[in-house]
Amino acid sequence: MSRKKTMKGKGSSKSSTSSPNNNKDTGKSGRGIGASAPSNGVVYPSRPSLSNSGEFYDIAFKVMLVGDSGVGKTCLLVRFKDGAFLAGSFISTVGIDFRNKVLNIDALKVKLQIWDTAGQERFRSVTHAYYRDAHALLLLYDVTNKASFDNIKPPDIKTNHRNSVTECVP
Ligand SMILES: Nc1nc2c(ncn2[C@@H]2O[C@H](COP(=O)(O)OP(=O)(O)OP(=O)(O)O)[C@@H](O)[C@H]2O)c(=O)[nH]1
């Protein structure tokens, strides 16, 4: 059975778009499968593939983390991927970044490519371009900040990306 390798994500940094690192499970704008995958972005179980970390997977999904700046998107992703909490000073994401995680679900290896978008308004046009082909958008808000909840507009996302969003789950 043939096994193919996905394009390597280049290094990423939360505060800079120019400092590469060697973490093969992370990437930045235009470097991941989101930029090069087929239009539906799914790899089916009959065609196992190799993730950048060397792990084989059966199926892959692209997930976007969306929400205002400071709601905790990066912290959630780092917690999910590495089990660590980013305490200390807050460094806002510049542009967009991603991390991969392979999970074992019902005897399938499911690869999640999770994109962390910058919440600042000035990056909105850049990050929106990456919604295309996403299988899920996670809309995040800060429970201590009502404005961050009010700023979530799933219907707008549905309207603007009418074929890519089929269902909103509260
Ligand atoms: N108390 C508390 N603080 C949190 C939590 N999650 C994140 N923070 C803090 O909130 C701040 C912002 O977190 P980030 O994850 O960087 O926020 P973000 O949504 O990625 O922000 P942008 O990159 O600007 O879009 C950081 O100082 C975190 O330490 C949480 O669950 N509880």
Side-chain angles (χ1 to χ4, degrees), residues 6-37 41 51-53 60-103 105 110-161 164-170:
T6 58
M7 178 186 286
K8 279 186 181 180
K10 254 194 146 179
S12 65
S13 168
K14 191 159 192 291
S15 59
S16 166
T17 55
S18 61
S19 59
N21 65 32
N22 293 322
N23 189 342
K24 293 174 182 175
D25 273 347
T26 67
K28 63 181 179 182
S29 316
R31 299 290 185 179
I33 63 170
S36 61
S51 77
N52 292 325
S53 59
F61 294 103
K62 178 181 175 183
V63 178
M64 308 290 301
L65 300 182
V66 181
D68 277 4
S69 179
V71 298
K73 298 181 294 296
T74 303
C75 285
L76 183 75
L77 180 53
V78 171
R79 178 76 184 174
F80 179 66
K81 172 73 172 62
D82 302 322
F85 178 68
L86 286 180
S89 56
F90 166 40
I91 302 171
S92 202
T93 303
V94 175
I96 195 159
D97 188 11
F98 75 81
R99 287 174 190 240
N100 294 325
K101 179 152 179 159
V102 179
L103 303 170
I105 300 175
V110 179
K111 175 183 161 183
L112 296 179
Q113 184 176 71
I114 308 172
W115 289 77
D116 177 20
T117 64
Q120 291 178 15
E121 184 67 39
R122 63 195 170 109
F123 294 115
R124 206 63 33 111
S125 59
V126 175
T127 57
H128 276 204
Y130 286 83
Y131 290 6
R132 188 174 165 273
D133 296 338
H135 299 99
L137 306 180
L138 299 188
L139 309 174
L140 308 186
Y141 65 94
D142 179 349
V143 291
T144 66
N145 179 356
K146 184 174 181 300
S148 71
F149 177 78
D150 293 338
N151 288 338
I152 294 176
K153 297 183 179 70
D156 289 351
I157 292 170
K158 225 171 171 174
T159 304
N160 294 333
H161 305 273
S164 56
V165 179
T166 54
E167 194 172 343
C168 288
V169 180

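None of the values given here were measured: they were computed from a predicted structure. In each ligand, atom 1 is the first atom listed, and ligand 1 is the first ligand listed.
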Backbone N or O of [Y] within a donor-acceptor pair of the [X] side chain at under 3.5 Å?
{"X": "Lys62", "Y": "Tyr131", "answer": "no"}
{"X": "Lys111", "Y": "Asn100", "answer": "no"}
{"X": "Lys101", "Y": "Ile114", "answer": "no"}

I need the atoms of ligand 1 closer than 4.0 Å to a non-hydrogen atom of [X], numbered in the order shown.
{"X": "Gly119", "value": "22 (P), 25 (O)"}
{"X": "Ser92", "value": "22 (P), 23 (O), 24 (O)"}
{"X": "Thr93", "value": "22 (P), 23 (O), 24 (O)"}
{"X": "Ser69", "value": "21 (O), 22 (P), 24 (O), 25 (O)"}

Greater than 12 external heavy atoms within 6.0 Å of Tyr141's OH:
no

Looking at every non-hydrogen atom in both residues, tell me the closest pair between Ala118 and Thr93 and how far apart they are.
CB-O, 3.2 Å

Give me the atom names and distance for the closest heavy-atom approach of Asp142 to Ser148.
N-OG, 2.9 Å

Under 3.5 Å, N or O to N or O, is [X] touching ligand 1 that way?
{"X": "Ile91", "value": "no"}
{"X": "Ala87", "value": "no"}
{"X": "Phe85", "value": "no"}

Does only the side chain of Leu86 get under 4.0 Å from ligand 1, or the backbone, or both, or neither? Count heavy atoms.
backbone

Do Asp116 and Thr74 get their side chains close enough for a donor-acceptor pair, meaning under 3.5 Å?
yes

Relative to atom 15 (O) of ligand 1, which among Cys75, Ala118, Gly95 owns the nearest non-hydrogen atom?
Cys75

Using heavy-atom distances only, which candidate in Arg79, Lys73, Gln120 approaches atom 19 (O) of ligand 1 most closely?
Lys73

Can you tell me if Asp68 contacts ligand 1 (heavy atom of the residue under 4.0 Å from the ligand)?
yes

Is the closest heavy atom of Gly67 to ligand 1 under 4.0 Å?
no

CD of Gln120 to OG1 of Thr127: how many Å apart, nearest 0.5 Å?
11.0 Å

